[in-house]
Amino acid sequence: MVENQRWLNVLAHAVLILGVIVVALPVYIAFVASTHESGAFMSGVIPMLPGHNMVETYSAVLRGGVSSQISQPIWLMLGNSMIMALMIAVGKIVISITSAFAIVYFRFPCRGLAFWMIFITLMLPVEVRILPTYKVIADLGMLNSYAGLSIPLIASATATFLFRQVFLTMPDELVEAARIDGAGPMKFFRDILLPLSKTNIAALFVILFIYGWNQYLWPLLITTDPSYTTIVSGIKRMTDVQDGTPMWNYIMAVSVLAMLPPVAVVVFMQRLFVKGLIETEK
Amino acid sequence: MATLTLESLGKTYDSGASAVRDVNINVADGEFLVLVGPSGCGKSTLLRMIAGLETVTDGTIRIGDRVVNKLEPAERDIAMVFQNYALYPHMSVRENLSYGLRNRRMAKAEINRRVDEAAKILEIGDFLERKPRALSGGQRQRVAMGRAIVREPSVFLFDEPLSNLDAKLRVSMRGEIRSLQKRLGTTSVYVTHDQLEAMTLADRLVVLRAGKVEQIGTPLEVYQRPASTFVAEFIGSPAMNLLDGVMQGHALSIAGASLTLPHSHQGPVRVGVRAEDLRAAPAGTTGGLPVHLRYVEELGSQRLGHFDCAGERLIAAFPSGQALSDEMALMAPPEALHLFGADGMRLA
């Protein structure tokens with residue numbers, strides 16, 4: 001269906017441009033704010049054009065020259081976030097791809113029950129089970145550790161379900177050909193299933209990395225040791241100033257920097273990402 | 001090289017449905033056996049049981065002297081060609097061919113020798129480094145066969161390997177499979193629902209019906225002496241004509257005509273006659289079946305007349321140029337008639 005009417009084109013562009021503005025404007029304003037003096041945004045008139053303080057602000061933030069404002073060096077917080085996001089993304093993929101493999105390719109007692117149990121956890125996101133989860137992690141002595149940050153977020157019904165659907169589209173004959181070729185279950189998994197799910201793994205990695213990177217409530221709850229602060233909760237802590245006003249230019253600079261890693265992941269994995277979402281041919 | 005023996009082989013699913021019942025077949029060393037039957041007759045199940053992809057619930061399967069019932073497919077020394085080729089899409093043709101050999105930890109030099117040899121036989125040497133996606137259907141089919149050849153197995157199993165190809169390619173691949181199998185001398189079992197494919201490929205045919213063997217024999221035996229009306233209608237194109245008749249001693253009355261046959265029987269019978277055994281005669285000829293011409297199919301080499309004969313359909317094949325009229329008679333020599341009892345089994 002290709003309509004080529006002028007007003008339809010105009011309308012399509014208008015909708016798209018509006019969408020871009022809605023998404024991009026706050027980001028742009030954050031960037032503008034980071035290039036002005038700290039008081040500029042409190043003056044009542046929000047500047048719409050970048051100021052002259054960009055170099056000073058960013059170099060101060062990056063060199064940790066504003067330690068009174070930022071609780072921890074920004075590199076440490078970025079590093080913490082990176083470790084947490086990677087552990088969550090990789091952990092989720094590893095666990096869900098193996099559980100999907102088990103559910104699809106093995107006949108064991110209570111297989112259907114196992115699948116539905118996993119499926120039901122979709123209804124129990126972190127926020128719902130946060131108290132019991134906190135209790136468990138605390139009892140296990142995992143407060144203030146990378147394990148405590150990531151492990152409770154690793155189990156994923158969504159990813160398991162996605163891989164299950166991917167595996168269900170694999171032709172049965174491929175499994176049988178592999179059996180005749182003498183590939184045992186794990187060999188089949190490694191030699192055939194994994195390479196064929198490559199694009200799906202990539203797509204999922206992008207989504208899960210961003211999910212992990214944006215975690216806020218959980219890190220805030222279980223890390224009291226400042227050296228485990230993640231960048232997202234770090235930004236929040238920057239706004240809690242005891243006396244005086246928050247240094248918005250620094251906060252916005254850190255926010256902009258915090259956006260860069262997820263953006264980089266999306267940009268570099270975009271091709272695989274799109275392929276993983278639309279490719280159906282096996 | 002090996003023989004393949006199936007002894008009272010049966011398959012019953014957990015649900016109680018039985019797919020294969022009491023199958024006894026001996027496949028000689030180097031023989032090309034074709035399993036043929038309509039869809040749902042159990043031919044694929046039977047093949048998959050031989051391959052080890054389906055469990056055996058009754059009887060035994062022997063390859064050579066070895067009972068293989070409980071062995072994994074890889075341990076049975078078989079190779080299988082699938083209907084949808086089942087090539088590994090992420091591997092190059094060379095990797096596809098060598099994957100099974102690598103899993104058996106065969107020496108690299110030997111793997112390369114076998115792959116190169118198979119590539120030469122099948123003329124796929126030019127695209128060994130390509131992915132299956134970049135190949136045409138016929139080329140993929142060759143690669144799938146190559147994967148079977150490199151294993152140098154005791155038995156080849158083919159599961160409708162040609163049904164995804166277009167008609168022309170199918171005919172040429174059919175010839176190639178046949179000559180390849182003769183050249184390698186490997187015992188083969190081939191499943192198809194296409195009776196023409198079955199006739200042209202087989203050393204021996206097995207016609208299956210509802211999980212049971214209906215008839216085993218060379219293609220000519222099956223064609224010339226079908227064991228039942230089912231086989232008679234299934235093998236041969238156009239299908240054998242079947243008419244109701246009644247026999248009293250040697251006299252057969254059928255569709256208003258009466259004939260004297262060499263064999264005797266009492267009671268109702270089904271009479272089968274091949275289209276090419278019927279000859280045209282003027283209306284009213286004694287011993288001829290009075291028929292009404294419905295339409296004619298011109299095939300070039302011959303013409304097929306479709307007739308009404310006392311409410312039943314009849315097809316007769318004539319040389320091209322044979323004149324046909326609306327009302328006429330068809331004659332068949334008594335020895336060309338096939339007699340089947342009321343249960344559909346052959347009488348004589």
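Note on naming: letters A, B, ... go to the chains in the order of the sequence lines (proteins, then strands), and numbering restarts at 1 for each one. Please read all numbers here as calculations on a predicted model, not as lab measurements.
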Measure Asp172(A) against the heavy atoms of chain B and call it side chain, backbone, both or neither at under 4.5 Å. neither

Member of Glu72(B), Arg147(B), Arg151(B), Arg76(B) meeting the side chain to side chain contact (heavy atoms under 4.5 Å, CB included) criterion with Ile180(A): Arg151(B)

Can Glu176(A) and Arg48(B) be said to form a side-chain contact (heavy atoms from CB on, under 4.5 Å), step by step? CA-CA 10 Å; Glu176(A) 291 169 351; Arg48(B) 292 163 55 81; 2.8 Å; yes

So do the side chains of Pro89(B) and Leu196(A) get within less than 4.5 Å of each other, counting heavy atoms only? yes

Take a 6.0 Å sphere around CG of Asp166(B) and say whether it holds more than 12 heavy atoms from other residues, nucleotides or ligands. yes

Pick one of side chain, backbone, both or neither for Lys187(A), based on which atoms fall under 4.5 Å of a heavy atom in chain B. both

Counting heavy-atom pairs closer than 4.5 Å to chain A, which one of Leu101(B), Leu87(B), Asn84(B), Ile78(B) comes out on top? Asn84(B)

Could you give the distance from CE (Met80(B)) to CG (Asp181(A)), rounded to the nearest 0.5 Å? 12.5 Å

Residue pair His90(B) / Pro195(A): nearest heavy atoms and the distance that separates them: CD2-CB, 3.3 Å

Heavy-atom proximity to chain A below 4.5 Å, by part of Glu75(B): neither

State, with a plain yes or no, whether a side-chain heavy atom of Tyr88(B) is found less than 4.5 Å away from one of Asp191(A). no

Kindly give the heavy-atom pair with the smallest separation between Ala86(B) and Ala177(A), and that separation in Å. O-CB, 3.8 Å

With a 6.0 Å cut-off (strictly less than), is the heavy-atom count around CZ of Phe268(A), excluding the residue itself, greater than 12? no

